[in-house]
Novice: 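A single structure is presented below for examination.
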Amino acid sequence: MKLSLGPLLYYWPRQQVFNFYEEAAASDAVDIVYLGETVCSRRHELRIDDWFDIAAQIKASGKEAILSTQTLIESESDLKTLRRIAENPDFRVEANDMGAVRLLAAAGRRDWIAGPTLNVFNPATLNLLTADGANRWVAPPEMSGSNIANLRSALPSPLETEIFAYGRLPLAYSARCFTARHYSLQKDACEFRCIQDCDGMLLRTREGEAFLTLNGIQTQSARVYNLLGDIPRIKENAEILRISPTSQHTLKIADIFRTVLNGQIAPEIALETSQPLMPEAPCNGFWYGQAGHEHVTTKASHETGRQDEQRSSPQPLPQTEKAPEEKPDPASPLPLPLPFCLLPPGLRNRVESFLHNTRPRTSDGSAPTPFALLSARLPQMPPTLALTTALNLAPRAMLPREPLAPLTGRHLRLCVLDAGLRLDFMLSLDGRFYPCRANTPPEITISAALRDFAALALGKEDADTLFFARRLIMEGDTSLGLLVKNTLSTTNWNAFLRR
C-alpha cells in the first residue's frame, strides 16, 4: 500500500512551502505528492511556475508528482491556470471540478485522477469518469468503508482507490471567504489574512468544544481524521492512503503510517503514538458510517472472533468560570406578572391554563413571556406600520432599493419570537414598503429573538453569525432568504440610528 501527501490546503509563507516539499522529497515514507493551490486563487505566495518547479524536484527524488486543480473556479485567470495544468505533458493531474474533467478528456489524457471534490458516490459516476480517462479516484472523505467496498465490487474492472486517512476533514467550499468575514473584510480585499493561521482558524462552541476550522473559503472539521487504528480494515478497500499536510509533524505522521504498513507496529499503538503530534483529538466516524466527529475504536474478541465497536463523541471542556445557564422546564407553568395575580382565583387559573397550553417556542426552545403571548393576540398592524415607516425613512444610500428588486410584490414575514410579533409586509413597485394581510402564507419568514434583531440593527452582530448559530431562522423561498440575509449583512444600520 502506498502513502500520498495531499495538496496543501493552507496558506503558508513562500519559504515554508519550499522547505516542506524539500523535506517531503527526502522522506522515505511517502510515495506520491499532490501539488498546487486547490482552495483559493488569491493565495499568491507561489505561482503556477513555482508548483511546476516543485513537481520536478519531487519527480527527481523518485516519487510521483501530481498537479491538483482548484476546486472552485471563479475567474478567467483561474481558467487560464486550469488550462496550463491540464495541458502540461510532464505530470499527471488530479481533477477537482468537472471543468478540469472536460479539459483533460478533450486533451485525450488517459492518466488523470478523479479528486475527492468530484463527489463520486456510485459506480455509474465512476464509470463515466473512467470512460473520460480517469485511472485513479479519491473517495470523498465522508464516504464509509462499507460504501467504498460496495462501489468497488460493482465496477466492471479494478480501479486504483485512494482514501483520505489523516488530516482535518475538508467539509465544504463557498464563494464567500469566512476568514475575511471574521476580520470584517471583503473577500477581494482580504489582506491575505489566511497566512496568519498556518492550520486554519479554530472555532469553538460556547461550551468550549472544538467545532469547525475556517480556512478561507473552505470549512474543515476541528477534529483530525485519523485512520491509523483502522488500517487492517482499509487494506482490502484501497491501494493508497492520503495524508493532508499540516504545519507540524506531517512527515512524522507519515513515518508512523509507514511503520504500520510494514508490520513494525500495531495499529492501536500507532494511533496512540500519533495523538501527541495532532493539533486536536482524533475522529474516524465517517469510515464507520457514523457522525464524522465521533471516534470509533474496534477491539477484536478472541472468544467469538468478532469485532466490538465503541464510539466516543467530543466532550465539552470543563466550565470553571460559571455554571451553565439553566433553561426553564417547558412543562412548568409560566409565572404571571403582578396584575394577573390580583385576578379572582378562578379567572387566574383559566389564564394560567391558557398560557401554558398555547405558548409557542422561541428559537432556543424557551417559552416567551406572558406579555409576548398576549401580544401575539393583539392586532399586528400598528407594529407593522412602525416597521415599514422606519424602512421607508431609511436613506437610499443606506438601504438601496435596486438590489431588493426581486422582493417586489413578494410577501415577507418578520417574526420577533420572544415579543409575540408577526409582521407581514411587502415591497411595492414604487420602492416603498407596505403592510400586507397575514391571511395568505408568506414567501419568506425570518425569525429571531428581539435581542438578536437589536444586535443586528446596532451592528453588534452580523446576519451570517446569527444564521449559522441558528439565532436567525429563515423559512420559505431560499433565493429570497439569501437576498434578505445578504442585505442585512451589508446594511449600515448605524447610519440610520444616527439620523
Side-chain angles (χ1 to χ4, degrees), residues 3-12 20 24 27 29-30 34 38-39 116-117 138-145 162-173 179 194 197-205 208-216 218-231 233-234 238 240-261 265 267-298 310-317:
L3 285 180
S4 72
L5 283 181
L8 177 62
L9 301 179
Y10 305 108
Y11 193 25
W12 293 353
F20 174 78
S27 171
V30 176
Y34 290 83
T38 64
V39 177
T117 53
V138 186
E142 63 270 28
M143 196 172 186
S144 69
E162 184 170 343
I163 289 176
F164 188 98
Y166 179 87
R168 281 193 162 123
L169 289 159
L171 301 175
Y173 293 82
T179 300
C194 285
D197 301 292
C198 287
D199 292 311
M201 182 186 301
L202 183 65
L203 301 182
R204 294 188 181 275
T205 65
E209 179 185 341
F211 176 48
L212 292 172
T213 301
L214 295 184
N215 179 36
Q218 183 188 62
T219 303
Q220 298 178 311
S221 65
R223 283 196 157 200
V224 179
Y225 200 62
N226 190 338
L227 297 183
L228 261 172
D230 309 291
I231 287 179
R233 285 161 287 280
I234 296 174
I240 303 170
L241 298 180
R242 173 175 292 198
I243 297 171
S244 185
T246 57
S247 64
Q248 301 290 328
H249 311 305
T250 300
L251 296 177
K252 290 182 180 179
I253 293 292
D255 287 335
I256 297 175
F257 268 88
R258 178 56 63 193
T259 58
V260 175
L261 294 176
I265 187 174
E268 297 79 8
I269 297 175
L271 176 62
E272 185 176 349
T273 303
S274 70
Q275 292 192 35
L277 305 177
M278 297 166 54
E280 285 291 335
C283 65
N284 62 354
F286 281 150
W287 179 258
Y288 292 95
Q290 309 293 342
H293 67 265
E294 293 180 346
H295 185 234
V296 180
T297 58
T298 59
Q310 296 178 340
R311 289 187 294 164
S312 64
S313 296
Q315 298 299 319
L317 297 179

Novice: Quick one: do the D199 and T246 side chains pair a donor with an acceptor below 3.5 Å?
Specialist: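 No, T246 and D199 have no side-chain donor paired with an acceptor closer than 3.5 Å.
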Novice: Test side-chain contact (heavy atoms from CB on, under 4.5 Å) on T273 and K252; report intermediate values, then the result.
Specialist: CA-CA 11 Å; T273 303; K252 290 182 180 179; over 6 Å; no
Novice: When you look at L202 and E280, which way does the side-chain contact (heavy atoms from CB on, under 4.5 Å) test go after all the steps?
Specialist: CA-CA 10 Å; L202 183 65; E280 285 291 335; 3.3 Å; yes
Novice: CG of D255 to OG of S27: how many Å apart, nearest 0.5 Å?
Specialist: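 Here the interatomic distance stands at 5.5 Å.
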Novice: Quick one: closest heavy-atom pair of A238 and I163, and the distance?
Specialist: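 Smallest heavy-atom distance, with atoms named: CB-CD1, 3.4 Å.
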Novice: Let me know which of P116, P141, P140 forms a side-chain contact (heavy atoms from CB on, under 4.5 Å) with P170.
Specialist: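 Output: one option passes, namely P141.
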Novice: Where the side chain of T179 meets the backbone of G216, is there a donor-acceptor pair that is under 3.5 Å apart?
Specialist: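 Present.
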Novice: Inspect the surroundings of CZ in F211 and state if more than 12 heavy atoms from other residues, nucleotides or ligands are less than 6.0 Å away.
Specialist: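 No, the 6.0 Å shell around CZ holds no more than 12 heavy atoms from other groups.
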Novice: With rounding to the nearest 0.5 Å, note down the distance linking CD in E142 to CG in L171.
Specialist: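 The CG atom of L171 is 8.0 Å from CD of E142, to the nearest 0.5 Å.
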Novice: Does a side-chain heavy-atom distance below 4.5 Å link N215 with L9?
Specialist: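 A side-chain contact exists here, since the closest heavy-atom pair is under 4.5 Å.
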Novice: Does any part of the side chain of I234, heavy atoms only, come nearer than 4.5 Å to the side chain of L227, both counted from C-beta?
Specialist: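 Of all side-chain heavy-atom pairs linking I234 with L227, at least one is under 4.5 Å.
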Novice: Looking only at heavy atoms, what is the nearest atom pair of F257 and A165, with distance?
Specialist: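 Of all heavy-atom pairs spanning F257 and A165, the closest is CZ-O, 3.8 Å.
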Novice: If only side-chain N and O atoms count, and only distance matters, is there a donor-acceptor pair under 3.5 Å linking R168 with S221?
Specialist: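 The answer is no; no qualifying pair exists.
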Novice: I would like to know whether M278 and R223 meet side-chain contact (heavy atoms from CB on, under 4.5 Å); could you show each step before the answer?
Specialist: CA-CA 9 Å; M278 297 166 54; R223 283 196 157 200; over 6 Å; no
Novice: Could you tell me whether the side chains of D230 and Y288 share a donor-acceptor contact shorter than 3.5 Å?
Specialist: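 The answer is yes; a qualifying pair exists.
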Novice: Write down the atom of R233, the atom of W287, and the distance for their closest heavy-atom approach.
Specialist: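 Between these two residues, the closest heavy atoms are O-CZ2, 3.8 Å.
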Novice: With heavy-atom distances below 4.5 Å as the criterion, would you say the side chains of Q218 and C194 are in contact?
Specialist: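 Answer no - side chains too far apart.
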Novice: So how far is it from L8 CG to Y34 OH, rounded to the nearest 0.5 Å?
Specialist: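 That separation rounds to 15.5 Å.
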Novice: Is it the case that more than 12 heavy atoms not belonging to E272 sit under 6.0 Å from its CD atom?
Specialist: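 For E272, atom CD is not crowded (no more than 12 foreign heavy atoms under 6.0 Å).
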Novice: Which of parallel (below 30°), tilted (30 to 60°) and perpendicular (above 60°) describes Y225 and F164?
Specialist: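 Tilted.
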Novice: Taking atom CG of L169 and atom SG of C283, what is their separation to the nearest 0.5 Å?
Specialist: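 Here the rounded value is 5.0 Å.
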Novice: Distance from L241 atom CG to L3 atom CG, nearest 0.5 Å?
Specialist: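 That separation rounds to 6.0 Å.
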Novice: Do you know which two heavy atoms are closest between L228 and A270, and how far apart they sit?
Specialist: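 L228 and A270 have their closest heavy atoms at CD1-O, 3.7 Å.
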Novice: What I'd like to find out is whether the side chain of V138 reaches to under 4.5 Å of the side chain of T117, using heavy atoms alone.
Specialist: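 No; the side chains remain at least 4.5 Å from each other.
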Novice: Do you know the tightest heavy-atom contact between P279 and Y166?
Specialist: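 Minimum heavy-atom contact is CD-OH, 4.3 Å.
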Novice: Quick check for you: to the nearest 0.5 Å, what is the distance between N284 atom CG and T297 atom OG1?
Specialist: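 Rounded to the nearest 0.5 Å, the CG-OG1 separation comes to 8.5 Å.
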Novice: Which residue, V260, I256, L261, forms the side-chain contact (heavy atoms from CB on, under 4.5 Å) with R258?
Specialist: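 Among the candidates, only L261 passes.
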Novice: Is it the case that the side chains of N226 and S274 hold a donor-acceptor pair, with the cut-off being a distance below 3.5 Å and no angle test?
Specialist: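 Yes, side-chain donor-acceptor contact under 3.5 Å.
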Novice: Pairing donors with acceptors under 3.5 angstrom, does anything connect the side chains of Q220 and Y10?
Specialist: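 Their side chains do contain a donor-acceptor pair, which is all the 3.5 Å distance test asks for.
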Novice: Test side-chain contact (heavy atoms from CB on, under 4.5 Å) on T250 and F20; report intermediate values, then the result.
Specialist: CA-CA 9 Å; T250 300; F20 174 78; 3.9 Å; yes
Novice: So which atom in P282 and which in H295 form the shortest heavy-atom distance, rounded to 0.1 Å?
Specialist: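 Heavy-atom minimum between the residues: O-CB, 3.8 Å.
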